[in-house]
Asks: 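What follows is a single structure, and I will ask about it in a moment.
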Amino acid sequence: MHSNPPIPRPILECRNLSRALPGDPGRFLLRDVSFPLHAGERIAIVGPSGAGKSTLLRLINRLDEPTSGAVLLDGEDTRTLPPQALRRRIGLMMQRAWLFPGTVRHNIAYGPAQQNRRISDTEIDTWLNDVGLPGYGNRDAQTLSGGEAQRVALLRALANQPEVLLLDEPTAALDEENRRSVEELIARLIQERQLTCLWVTHSFEQARLADRVLRLEAGQLTALGTPGQVLQPAQALKEPQP
Amino acid sequence: MTLPTLALSPELQKGLLQCAVAALAALTVMFLARKQAPGLLREIPWAELRGLLQIVIVGLILAVLLHGPRWTSLLVLGAMLLAAASIVRQRASKFPRPFTLALTGIAAGAGVILCLMALTGVIPVQIAILIPVGSMVIANTMNTQALFLDRLHGEITAHTGEIEAALALGASAEAAFAAFRAAAFRASLIPALNNIRSLGIVWIPGIMAGMVLSGASPLYAALYQFVVISTIFSASALTCLVTSRLVLRRVFSPQDQLTLRA
């Protein structure tokens, strides 16, 4: 008798995740979104502005609370985990770097320092070299350009060694040249470190490189499948210009 | 018991005229600054009128209470606490449950320091001293707390991104908030700190002048003025400290989510 190989348990799973609009329980930012994310998998999240992409990531990272539904991390309801421990396991890189006052080194070491874990200066210098910022350790973080700041924000998120990395349009605020180089950097680090990630993107190129693509529209999941199934070649993912 | 006469004595007429000139000066300045702060021009006449009526009523009440039992001073200070909390509530309406926040903070700061000073005998438990000194302490802590909450709200709304970035990296609400709370704390204590620094150089406060006029030694009056100003600083700082603890759970959910928005 032939038996199918066991399906591995997803590292992360959203089950009927909903978030009502604050102050208006009849309207939803996100409604009944369910999908699994497997270890090492990369899912690109696409959809127009206001589709609920950032809300979804915030609910997974628990910066926001779902109205109903649940997020499971390695089979465990994230509501049973201390929020600080959860956020170390699920890293989030935002649209803007939001670097803290102080040096680049201080910013990168921030997450581990919250767990009283110290990262050596040599290790930070190696990471900075790897992202094309050699000798930046002692620079004032507030003086960096947008592209440099996002590279530091990426290292800061990775310093916690998260099991899942959430990327919320990390290149949205960058110019074309920086956007391309930061996206290439992120893609390389994901590949090298075999990171499991959810990447909100407007870039057709980036979405096409994902294992699966999830489309959100008006807070609802309207498509989930391989890039070939979800993305139409002629379809632009960019926002309509006003 | 003697009550002040309400007849318009020459002294009273002079006082009313002085009040009118002082109020006019405030109105004129607000008129000149109407473009920078348009709301204040409407607010200031009512604030002046309200302040004048309040202080006249307090003067009349004090004239009665000075001859009553000592416990009545507690009633007066209690009423002042409630009024101070009510004023701060209006300035801190962006925070959840602002009245309780303001009342607890001022009561803890001003109340504890005043009790400490009364119990150690630094402030004599006499109505004529407790009420004016207590009112100065409560009024100053009220201002400090209002400044603290106003600045804190500004810091949070201006730095929502940094706070959430810190939370997303696994920082506790306390840690994510610490730098912004410290900035508000420092800024709100500047007036109280300046009062100590400028004491005697830029500013000779009324209590010292009053003591000298009533026959106390100028040196003792100076020392006692330091006691009062230092007490005000301690009460203000303690109020901010307590308020900063209380405000944490009004700004963050139990799951360390930033709930206060612009």
Side-chain angles (χ1 to χ4, degrees), chain A residues 22-23 54 57-66 78-102 106-117 141-142 149-150 152-153 155-162 165-168 170 173, chain B residues 89 92-98 101 148 151-190 240 244-262:
Chain A
S54 296
L57 299 195
R58 288 172 62 84
L59 292 178
I60 293 172
N61 187 258
R62 223 178 168 201
L63 280 179
D64 200 359
E65 202 68 1
T78 54
R79 284 171 297 192
T80 64
L81 299 170
Q84 293 155 33
L86 169 75
R87 291 175 190 143
R88 283 172 204 141
R89 293 175 64 186
I90 303 180
L92 171 65
M93 191 178 169
M94 300 172 172
Q95 288 185 11
R96 281 184 57 188
W98 300 117
L99 297 183
F100 310 130
H106 162 74
N107 271 271
I108 295 171
Y110 185 89
Q114 304 308 307
Q115 314 161 58
N116 297 318
R117 192 161 64 82
Q142 306 295 320
Q150 277 301 38
V152 173
L155 290 182
R156 189 175 65 172
L158 293 177
N160 269 343
Q161 297 173 318
L165 181 63
L166 311 176
L167 299 155
D168 187 6
Chain B
R89 179 182 62 86
S93 58
K94 299 266 171 59
F95 292 93
R97 306 183 302 285
L101 176 67
F148 174 72
R151 175 69 183 256
L152 189 68
H153 184 260
E155 288 284 334
I156 292 168
T157 51
H159 298 285
T160 299
E162 286 96 328
I163 293 171
E164 290 204 322
L167 292 175
L169 288 164
S172 63
E174 178 93 40
F177 185 47
F180 309 107
R181 186 168 61 184
F185 197 93
R186 271 195 306 274
S188 63
L189 283 176
I190 287 173
C240 279
S244 71
R245 304 300 308 177
L246 296 172
V247 89
L248 187 74
R249 282 297 155 221
R250 284 169 165 82
V251 171
F252 294 94
S253 72
Q255 294 78 36
D256 282 359
Q257 294 150 336
L258 183 64
T259 51
L260 189 83
R261 299 284 159 179

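Side chains are part of it too, since the values below use all heavy atoms of this structure and drop only hydrogens, waters and symmetry mates. Bear in mind that the values here come from a model prediction, so they are computed numbers and not experimental data.
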Asks: Pick whichever of A:Arg58, A:Gln114, A:Gln84 has the most heavy-atom pairs under 4.5 Å with chain B.
Replies: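 Counting heavy-atom pairs under 4.5 Å, the top option is A:Gln84.
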
Asks: Work out which heavy atom in A:Tyr110 is nearest to a heavy atom in B:Ala166; give both atom names and the distance.
Replies: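 Heavy atoms only, the tightest pair is OH-CB, 3.5 Å.
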
Asks: So does A:Arg96 have more than 12 non-hydrogen atoms from other groups sitting under 6.0 Å from CZ?
Replies: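 No, the 6.0 Å shell around CZ holds no more than 12 heavy atoms from other groups.
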
Asks: B:Glu162 and A:Trp98: which non-hydrogen atoms are nearest, and at how many Å?
Replies: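 Nearest pair, atom of B:Glu162 first, then A:Trp98: OE1-CE3, 3.4 Å.
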
Asks: Can you tell me how far apart CD (B:Gln255) and CG (A:Asp64) are? Round to the nearest 0.5 Å.
Replies: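 Atom-to-atom, B:Gln255:CD and A:Asp64:CG are 10.5 Å apart.
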
Asks: Under a 4.5 Å heavy-atom cut-off, does chain B meet the side chain of A:Leu99, its backbone, both or neither?
Replies: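 Answer is backbone: N, CA, C or O of A:Leu99 sit under 4.5 Å from chain B.
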
Asks: When you measure from the side chain of A:Asn160 to the backbone N and O of B:Leu169, does any donor-acceptor pair fall under 3.5 Å?
Replies: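 A pair under 3.5 Å: yes.
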
Asks: How close do A:Arg87 and B:Leu167 get, counting heavy atoms only, and between which atoms?
Replies: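 Heavy atoms of A:Arg87 and B:Leu167 come nearest at CD-O, 3.0 Å.
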
Asks: Looking at A:Met94, A:Arg88, A:Glu65, which one has more heavy-atom pairs under 4.5 Å with chain B than the rest?
Replies: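 With the most close heavy-atom pairs to chain B, the winner is A:Glu65.
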
Asks: As an exercise: rank B:Gly161, B:Pro254, B:Ala171, B:Ala175 by heavy-atom pairs under 4.5 Å with chain A and give me the winner.
Replies: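 The answer is B:Gly161.
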
